[in-house]
2 protein chains.
Amino acid sequence: MAETLNSLPAADGFRMPAEWEPHAGCWMIWPERADNWRAGGGPGQAAFAEVAATIARFEPMTMLVSAGQWANARALLPPAVRLVEAGTDDAWCRDSGPSFLTDAHGRLRGVDWGFNAWGGLYAPFDRDEMVAAKVLETERAPRYRAPLVLEGGSIHVDGEGTVLTTEECLLNPNRNPGLSRAEIEQHLKDYLGVSTVIWLGAGLVHDETSGHIDNIACFVRPGVVALTWCDDPADPQYAISRDAYERLSKARDARGRNIEVVKLPLPGPLFRREDEAIEIDSGGTMSRHFGERLGGSYVNFYIGNGLVLMPFLDPAHDEEARAILAGLFPDRTVIGLPTREILLGGGNIHCITQQQPAGVPG
Amino acid sequence: MAETLNSLPAADGFRMPAEWEPHAGCWMIWPERADNWRAGGGPGQAAFAEVAATIARFEPMTMLVSAGQWANARALLPPAVRLVEAGTDDAWCRDSGPSFLTDAHGRLRGVDWGFNAWGGLYAPFDRDEMVAAKVLETERAPRYRAPLVLEGGSIHVDGEGTVLTTEECLLNPNRNPGLSRAEIEQHLKDYLGVSTVIWLGAGLVHDETSGHIDNIACFVRPGVVALTWCDDPADPQYAISRDAYERLSKARDARGRNIEVVKLPLPGPLFRREDEAIEIDSGGTMSRHFGERLGGSYVNFYIGNGLVLMPFLDPAHDEEARAILAGLFPDRTVIGLPTREILLGGGNIHCITQQQPAGVPG
């Protein structure tokens with residue numbers, strides 16, 4: 001059944017599981033637009049392929065790919081990665097894909113949020129707007145259409161009633177100018193099955209998504225949040241991270257717990273090299289210029305079945321960050337992949353993946 | 001797993017099940033090319049939608065649809081029909097889709113045949129050539145790539161070791177000019193898991209597929225074949241059907257049985273009306289002219305779970321044909337749908353459907 005429901009997920013007994021709960025698989029989108037991915041897309045595609053191939057060792061992986069890129073993607077991906085055709089505007093399945101939900105009976109459904117290309121980074125975005133519906137169709141999972149512009153990267157849930165997000169993004173007039181904070185909170189409760197919203201202020205410095213939570217902080221288990229940290233008072237990230245720390249220290253989650261904060265080092269700071277700017281087709285509307293600061297963060301990792309897949313971005317901090325994550329996820333293999341090419345396109349591993357929790361569509 | 005295997009299905013223990021064996025579902029392709037489907041595609045789409053909606057009452061149905069037609073198809077199809085994006089060159093899933101196989105352990109795989117648009121009815125056909133691989137990818141079913149140009153409509157199997165086909169099609173130099181009859185027979189045995197090939201001569205008169213078996217005759221159960229019959233000696237179909245009858249009467253199937261032949265009346269003869277010709281975009285390479293004879297046949301039906309879905313083409317014969325099929329399939333609901341609009345595009349219900357037998361991909 002590829003049904004669109006008019007009821008509310010929470011009222012139907014559905015909630016968004018935490019990313020660490022068991023998955024049926026993972027979804028990604030094959031990158032190709034040459035005004036975002038340098039050198040015609042090849043280096044970005046190689047990085048996406050390595051992410052997909054690695055996750056596919058741990059759980060079923062599906063890559064959405066345009067008709068024109070089918071043969072290229074098929075050649076660059078291992079057989080274990082399933083391809084499904086879908087024309088898209090770019091390759092951020094965390095944001096254009098659905099947020100999957102489950103209920104106590106093990107049923108699977110999904111939320112199709114409104115999508116406006118992160119407040120207008122590019123146009124048109126009609127094909128990205130269709131991605132969530134197409135993913136849900138393919139899985140025969142019933143679909144809730146939420147009356148809210150939201151990308152999956154702007155929320156993190158603990159699976160026990162709490163959602164973590166940022167004011168910079170969810171209260172940004174470029175998303176839902178007609179909705180109040182209270183109305184947005186109510187939609188989060190209705191569509192994610194949560195009862196508590198924890199608001200951080202700003203997201204990572206120079207994050208073009210208007211401060212997605214998934215590039216600055218995330219739950220690693222109920223009651224514990226990993227936060228990107230910066231010790232340099234001259235860095236604008238310094239104050240942002242301190243503000244986030246203070247808000248988290250004062251917060252209580254849906255179960256009444258205090259939040260323990262684990263600091264992850266900030267890589268870099270990282271800047272775009274000249275070749276990484278000039279190899280991008282002109283005409284794009286996204287900022288891709290030589291010398292600009294890149295929104296790199298170790299918190300932008302993916303939790304799969306038995307796996308944590310994290311970006312490696314800076315030899316000075318990669319191993320330190322991996323050791324912290326290994327301590328936080330003792331039962332999972334923590335793998336670091338060099339993902340600067342993904343960062344150059346505007347995000348990282350968490351942004352390009354979308355978990356599908358275990359469940360039977362219904 | 002979306003694997004391509006280099007072994008032979010028969011050697012791996014796989015065979016193509018008969019169409020009456022239990023299905024996991026059915027696949028179709030949404031029609032849209034205006035140089036084949038009259039009036040911009042609308043009447044044909046309405047007929048396809050009715051076929052899909054009817055089958056979806058009996059088994060899961062998936063419709064492949066281009067990105068451009070997604071919204072239109074979604075609006076015209078009931079929620080029970082799953083959409084999956086795929087750009088194609090036309091809408092004949094029997095012919096561009098895979099032939100699914102199963103083994104004794106209930107595993108599901110599929111054959112991806114070579115495809116050349118029925119010996120060259122149109123070009124390009126590269127997107128149709130990809131349909132089988134895409135269907136198998138979506139189902140995560142391992143794929144055999146056969147070294148043979150063949151459309152699913154040119155074969156019928158009894159599920160017990162016998163395949164029925166025509167010389168006009170399979171031996172036609174527009175398909176596999178480099179292969180002998182013996183080599184073609186060997187490929188059929190290797191890829192369908194059969195041991196006996198029964199050859200008819202020609203297919204239905206004025207069938208542009210070069211005589212597909214599925215428009216003149218089909219197994220209705222092991223040992224029993226339904227054959228399109230014509231009692232008018234002035235009709236070119238008269239001699240064709242008699243020749244087929246004689247060949248079937250002399251044949252033995254893989255189990256050594258004689259073949260019982262059940263005659264189905266020929267509708268019409270049917271001819272293209274003027275409006276049915278002028279409403280087709282010019283520029284197409286297929287014959288679509290006023291007054292031409294149409295290859296209508298009642299044998300072009302689909303067997304689904306608990307269902308036989310047959311074309312209604314001629315009020316003078318529709319009920320007679322339905323009564324015969326109802327007698328042949330006493331445990332199934334026999335439904336007739338008016339499908340002249342599908343016939344105008346070059347085929348009928350069997351041509352636009354592709355069953356997926358029950359089985360677990362592996």
Side-chain angles (χ1 to χ4, degrees), chain A residues 1-6 24-25 27 29-30 52-53 56-57 59-89 109 112 124 126-143 145 361-362, chain B residues 1-6 24-25 27 29-30 52-53 56-57 59-89 109 112 124 126-143 145 361-362:
Chain A
M1 293 291 292
E3 204 171 354
T4 295
L5 306 169
N6 293 315
W27 294 77
I29 300 168
W30 188 247
R57 290 163 41 204
E59 60 191 42
M61 163 61 70
T62 301
M63 182 73 74
L64 300 177
V65 58
S66 72
Q69 277 288 315
W70 183 281
N72 184 39
R74 187 65 284 167
L76 294 174
L77 292 164
V81 176
R82 172 174 75 150
L83 301 193
V84 171
E85 184 173 331
T88 61
D89 299 301
R109 297 180 179 174
D112 179 358
D126 57 297
R127 293 182 299 178
D128 278 354
E129 164 68 292
M130 296 295 295
V131 167
K134 290 178 178 178
V135 167
L136 295 171
E137 286 262 357
T138 301
E139 296 301 291
R140 296 191 171 90
R143 162 183 178 257
R145 176 65 171 167
Chain B
M1 294 290 291
E3 204 172 352
T4 295
L5 306 170
N6 293 315
W27 295 76
I29 300 168
W30 187 248
R57 290 163 42 206
E59 61 190 41
M61 164 61 70
T62 301
M63 183 74 74
L64 300 176
V65 58
S66 72
Q69 277 290 314
W70 183 281
N72 184 40
R74 187 65 285 166
L76 294 174
L77 291 164
V81 176
R82 171 174 77 149
L83 301 192
V84 171
E85 184 172 331
T88 61
D89 299 300
R109 297 180 179 173
D112 179 357
D126 56 297
R127 293 182 299 177
D128 278 353
E129 164 68 294
M130 295 295 295
V131 167
K134 290 178 178 178
V135 167
L136 295 171
E137 285 262 357
T138 302
E139 295 302 291
R140 296 192 172 89
R143 163 184 178 257
R145 175 65 171 166

task = Name all residues meeting the side chain to side chain donor-acceptor pair (under 3.5 Å) criterion together with B:Asp126; count only those two or more places apart in sequence or in a different chain, and write none if there are none.
result = none
ask   = Looking at A:Pro78, A:Ala67, A:Ala86, which has the largest count of heavy-atom pairs under 4.5 Å with chain B?
value = A:Ala86
message = Is there a side-chain contact between A:Val84 and B:Lys134 in this structure, where contact means two heavy atoms from C-beta onward sitting under 4.5 Å apart?
response = no
ask   = Which heavy-atom pair separates A:Glu137 from B:Leu83 by the least distance, and what is that distance?
value = OE1-N, 2.6 Å
Short side-chain to backbone donor-acceptor contact, A:Glu85 and B:Gly87, under 3.5 Å = yes
query = Do B:Arg82 and A:Thr138 have side-chain heavy atoms sitting under 4.5 Å apart?
reply = yes
key: By side-chain contact (heavy atoms from CB on, under 4.5 Å) - contacts of A:Ala132 (at least two apart)   = A:Pro98, A:Asp112
